[in-house]
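Quick note on labels: first sequence line is chain A, next is B, and so on, each numbered from 1.
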There are 2 protein chains.
Amino acid sequence: MNAKTLILAILNFQEATGYEIRKMCTEGPYSYFVDISYGSIYPTLAKLEAESLVSSRIEQDVGKPERKVYSISEKGRMEFVGSLATPPALDKFKSEFLLVAMTAEYGNPTTIAKAIDMRIAYLEGQLEMIRTHTENCEHQGTCWVGGYGEHVMQCDLEYLKKNRGALMALAGTAHNVPAAAE
Amino acid sequence: MNAKTLILAILNFQEATGYEIRKMCTEGPYSYFVDISYGSIYPTLAKLEAESLVSSRIEQDVGKPERKVYSISEKGRMEFVGSLATPPALDKFKSEFLLVAMTAEYGNPTTIAKAIDMRIAYLEGQLEMIRTHTENCEHQGTCWVGGYGEHVMQCDLEYLKKNRGALMALAGTAHNVPAAAE
DNA sequence: TAGGCCATGTAACCGGTTACATGATTAG
DNA sequence: CTAATCATGTAACCGGTTACATGGCCTA
C-alpha cells in the first residue's frame with residue numbers, strides 16, 4: 001500500500017495534521033500493519049492537496065506551534081472508495097530475526113538470547129498497545145483488526161517462549177566458524 | 001535485512017546460482033520472511049564477488065543453459081558471522097488487507113468476501129509449503145523457523161475463519177458513501 | 001538546563017522493483 | 001505448438017528513508 005491510499009484512508013475517518021498521521025502510524029492503531037515516516041507523509045499530503053483530494057486549513061492556538069489540518073474532499077473520498085475495489089496486495093513481511101534464528105548455529109549464544117528476549121519484550125509491548133486501543137474501541141473495523149493482531153501476536157509469543165530453549169540449544173554449535181570480529 | 005546479508009547467509013549453507021537463490025526466496029524455506037527479486041540478486045552477487053566475499057565458477061551441462069555457481073569465501077564467511085553480532089532489526093510488516101478490513105464499512109461486500117477468501121487460500125497454500133519444507137527437514141534452524149511460521153499462520157487462519165462473518169457484517173454499512181466508480 | 005514533545009518541512013540518497021532483452025530445453 | 005522452466009542480466013524508475021534545519025513550549 002502506498003502512502004497515498006493510506007493517508008486517504010486515515011483522513012476518511014478524521015481530519016489530521018501530518019504530525020498526527022505519523023503518530024497514528026507509529027503508535028496508534030495503524031502501527032501494527034503500516035510503516036511510514038515524515039519524509040513521505042508531508043510530501044504526499046502536498047501532492048494530495050495539489051490533486052484536490054484533500055484540503056487544508058491552518059490552526060493557531062496561542063503558545064502552540066502552527067498546525068496544518070488536512071481534511072478529505074468529496075473527490076478524495078471517491079478516490080478512496082474506488083481504491084477499495086481493487087483486491088488488496090499480499091502482505092509484505094520481512095524478518096531479520098528469523099534469518100538469525102535460521103542460522104543460530106553460527107551466532108554467539110549471548111547474542112541469540114538477547115535477540116529472543118528483545119523480541120519477546122517488543123511483542124509484549126505491541127500486545128499491550130493493541131489492547132489499550134481495542135479496550136475502549138468504538139469503531140468496529142478497528143476492533144476487528146485489533147483482535148486480529150492481538151491473536152496473532154499472542155501465538156507468536158507463545159511459540160517464542162515455548163521454543164526459546166530449543167533455539168538456544170542450537171546457538172553457537174556450528175563447526176568451522178571463522179574467528180570473526182565479534 | 002539487505003540483499004547482501006541475506007545472500008551471504010544462503011551461500012554460507014550451500015553453493016547456488018542467482019536463479020536458485022531467487023527460488024529459495026520465493027518458493028523455498030526463506031520465502032516466509034524474505035522478499036527479493038532478480039533485479040537485486042544479480043547485481044548484489046556481482047558486488048559481493050567484486051569484494052571477494054564470494055567466488056563464482058561457470059558450469060555447463062550439455063543441453064542446459066550456462067550456470068554461474070557462487071560459493072562463499074572465507075572472507076565472506078567472516079563477514080556473515082560478524083553481521084550476526086549486531087542485533088536484528090525489527091520485523092517489517094505491511095498489510096493492505098488489514099487496511100481494507102479496517103475500512104470494511106466502505107467496501108463492497110463481494111469485494112471484501114473475495115479479499116478474505118483469497119487470503120485464506122493464500123495462507124493455506126503457504127502453510128502447505130512450509131509443511132513440505134519441514135516434513136523431511138534435516139537442518140534444525142530451518143525446522144525451528146518453519147515451526148514458527150506454521151504456528152503463526154495457523155493462528156492467523158484460525159482468526160480469519162472464526163471472524164469472517166463479523167467482518168462481512170460490517171461490509172458496506174457506511175453511510176455517505178460517494179457513488180464511486182466500482 | 002537538558003531533554004522531550006509539538007510541529008513542519010526538505011534534500012540527498014538508496015535499496016529494490018518492474019519491465020525488458022535473450023535464448024535454449026522440455027513437458028503437455 | 002505452446003507454455004513453462006532454466007538461466008543471466010540491465011536500465012529506468014520510484015517509493016520511501018535518513019538526516020538535517022528550525023523553533024517554541026513544557027517538564028523533570
Members sharing A:Y19's hydrophobic cluster (side chains within less than 4.5 Å): A:Y38, A:Y42
[options]: which one has an atom nearest the side-chain heavy atoms of [X]?
{"X": "A:R67", "options": "D:dG16, C:dA7, C:dG9", "answer": "C:dA7"}
{"X": "B:Y38", "options": "C:dA7, D:dT8, C:dG16", "answer": "D:dT8"}
{"X": "B:A3", "options": "C:dG16, D:dT8, D:dT17", "answer": "C:dG16"}

Rounded distance in Å - [atom1] ([X]) to [atom2] ([N]):
{"X": "A:I36", "N": "D:dT18", "atom1": "CD1", "atom2": "P", "value": "13 Å"}
{"X": "A:K92", "N": "D:dG15", "atom1": "NZ", "atom2": "C1'", "value": "10 Å"}
{"X": "A:D61", "N": "D:dC26", "atom1": "CG", "atom2": "C1'", "value": "16 Å"}
{"X": "B:Y42", "N": "C:dA21", "atom1": "OH", "atom2": "P", "value": "18 Å"}
{"X": "B:I41", "N": "C:dG15", "atom1": "CD1", "atom2": "P", "value": "16 Å"}
{"X": "B:R22", "N": "D:dT10", "atom1": "CZ", "atom2": "C1'", "value": "16 Å"}
{"X": "A:L48", "N": "D:dG15", "atom1": "CG", "atom2": "C1'", "value": "15 Å"}
{"X": "B:K94", "N": "C:dG15", "atom1": "NZ", "atom2": "P", "value": "16 Å"}

Are OP1 or OP2 of [N] and a side-chain N or O of [X] less than 4.0 angstrom apart?
{"X": "A:Y19", "N": "C:dT8", "result": "no"}
{"X": "B:S37", "N": "C:dT18", "result": "no"}
{"X": "B:T17", "N": "D:dC6", "result": "no"}
{"X": "A:S40", "N": "D:dT17", "result": "yes"}
{"X": "B:K68", "N": "D:dG9", "result": "yes"}
{"X": "A:K23", "N": "C:dC6", "result": "yes"}

B:Y148 and A:Y159 aromatic ring geometry - parallel, tilted or perpendicular at 30°/60° bounds: parallel
For the atom pair CG (A:D156) and CZ (A:R119), what is the distance rounded to the nearest 0.5 Å? 5.0 Å
Supply the atom-to-atom distance A:H151 NE2 to A:I130 CD1, rounded to the nearest 0.5 angstrom. 12.5 Å
After noting the C-alpha distance and the side-chain angles of B:H133 and B:Y32, does the key distance pass the ring-ring contact (aromatic ring centres under 6.0 Å, His included) rule? CA-CA 11 Å; B:H133 290 152; B:Y32 164 45; over 10 Å; no
If you pin A:K4 and A:K64 to their nearest nucleotides in DNA chain D, which one's is more 5'? A:K4
Base, sugar-phosphate alone, or nothing: which one does B:G18 contact when heavy atoms must sit under 4.0 Å apart? sugar-phosphate
